[in-house]
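In this text, all values refer to a predicted model and were calculated from it rather than measured experimentally. So that the names make sense, note that chain A is the first sequence line, chain B the second, and so on, each numbered from 1.
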There are 2 protein chains.
Amino acid sequence: MQIRAQDLAQLASPADVIFDALREGITDGTLAEGEVLRQDNIARMFNVSRIPVREALTRLEEQGLVTTQRYRGAVVASLSLDEIEEIFEFRSLIEPEVVRHSVVVASQESLDLARDYADRFGHEEDPKNWGHLNRQLHYMLYRDCGRPYFLQVVDSALNRIERYQRLQLTLTSGMDRARREHQAIVEACIARDADQAAELTRAHILGAGRSLLDFLERVRKG
Amino acid sequence: MQIRAQDLAQLASPADVIFDALREGITDGTLAEGEVLRQDNIARMFNVSRIPVREALTRLEEQGLVTTQRYRGAVVASLSLDEIEEIFEFRSLIEPEVVRHSVVVASQESLDLARDYADRFGHEEDPKNWGHLNRQLHYMLYRDCGRPYFLQVVDSALNRIERYQRLQLTLTSGMDRARREHQAIVEACIARDADQAAELTRAHILGAGRSLLDFLERVRKG
DNA sequence: GTATTGAATATTGGATCCAATTCTGAGAGC
DNA sequence: GCTCTCAGAATTGGATCCAATATTCAATAC
């Protein structure tokens, strides 16, 4: 029997590559909200026809990262303050439970990595990386929870607000606070204190959401 | 200015129609789990080319209702017992909060309709309709919560397990119990008792999940 | 000068064709 | 009889072409 590479690792299709690239651009803010995504432009950028581009856009729309109108194309989705608030409320319900379940069974490796990320947090130079670092840190605290569906749903929610959340991290106050809270959460996890870790996670999310919304209200209103 | 129909109601594309039809078939159990969905067959059924079919399948995969492998086609997704359990756990976190927020502001119309559905529940003839009735009832209790994202996420979760949940409703004990619990939830909502409604909803979901899993374990194991 | 029309252009969506991969089954080898 | 091989069939994925719709902008009407 012949060894087929795709049996070991599903080969990435052009549509996958394009999907990942666009998602990255949307979550890290490279693509501005409301920006129109022209199938032709994207296709040329990746040296493919529009077919895989369409597939990528379809998937992005299903994920809520772009909105499309028939015959009018896709634009990078933008969230109202209410929608952002709702997603933080959602996270504040789910992520504490994820942490609670993780803490009990978390591997030493996950905890070590979480501590590393928490230490590096705030000492990173490039603000471009803060969003990534934040995501990786949270992922380390979540990944052992044994609930793939929860992780997937949280991931999807994070994708929607990451572009906004990084705005808040840019504020030094937001960054300081996030670093302190991350440290505390990691401590609780290392101490295997599930209730404490869950409650700190809840407070962290609600606090970050509140401060982000305050900031956005100032920016958008006056 | 000319009146354009699509300004008033976004015209349904072939891909929308196919997506809805397949989703319906998957959630109501018409399409068996693991069944292969051939692009050509579906295209012929709807008298279109495979292009809109591909779009529908892409969206269904993003929703978790089908799984696809490159060059090997799409099959109706099937859930392990663990995955089903996880979705019930997820619902038990989200839906009580949705009800809690709805109860405070629910319109009289929503409450009346909820009561109607609860009364009809169990007196419907055709088991095919039970799933629909269940969904409609819950939707009436949820729709005024002012949280579109929550509703969307709950809807997605319900789509994944509806095909299994209807199995449980088929058991007379499951049906009786669901009817009683629905009545109680509706009563609490009409009384505007948010805490009570939320707690009853939580218990209802966990109970239904437990009884469904017991049933499935008996069926699947021995 | 401003609003309106309509033709030209641009863009998306669907059909068809072609390429890449998987599946199937008949036949060879043992 | 059983397994392996490989050629043909079936299927999916991508490219290209065409149709449907939206957008733009110059020309016209007022």
Checking B:Arg160 now: which residues fulfil salt bridge (Lys or Arg N to Asp or Glu O under 4.0 Å) with it, not counting sequence neighbours? none
Restricting to salt bridge (Lys or Arg N to Asp or Glu O under 4.0 Å), what partner residues turn up for B:Glu83, sequence neighbours left out?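 If we apply the salt bridge (Lys or Arg N to Asp or Glu O under 4.0 Å) test to B:Glu83, skipping adjacent residues, there are no hits.
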Side chain to side chain contact (heavy atoms under 4.5 Å, CB included) partners for [X], two or more places apart:
X: A:Glu97; value: A:Arg100, A:His101, B:Leu93
X: A:Asp28; value: A:Glu24, A:Thr30, A:Lys128, A:Arg166
X: A:Ala114; value: A:Leu137, A:Met140, A:Leu141, A:Val186

Write out all pairs satisfying salt bridge (Lys or Arg N to Asp or Glu O under 4.0 Å) with one or both partners inside residues 34-51 of chain A, taking only residues at least two apart or from two chains. none
Please list, for nucleotides 7-9 of chain D, all pairs of protein and nucleotide N/O atoms separated by less than 3.5 Å.
none

Under the ring-ring contact (aromatic ring centres under 6.0 Å, His included) test, residues paired with B:Tyr149 that sit two or more places apart: A:Phe90
Could you write nucleotides 9-20 of chain C as a row of B, S and -, 5' to 3', where a protein heavy atom under 4.0 Å of any base atom gives B, of only sugar-phosphate atoms gives S, and otherwise -? --SBBBBB---B
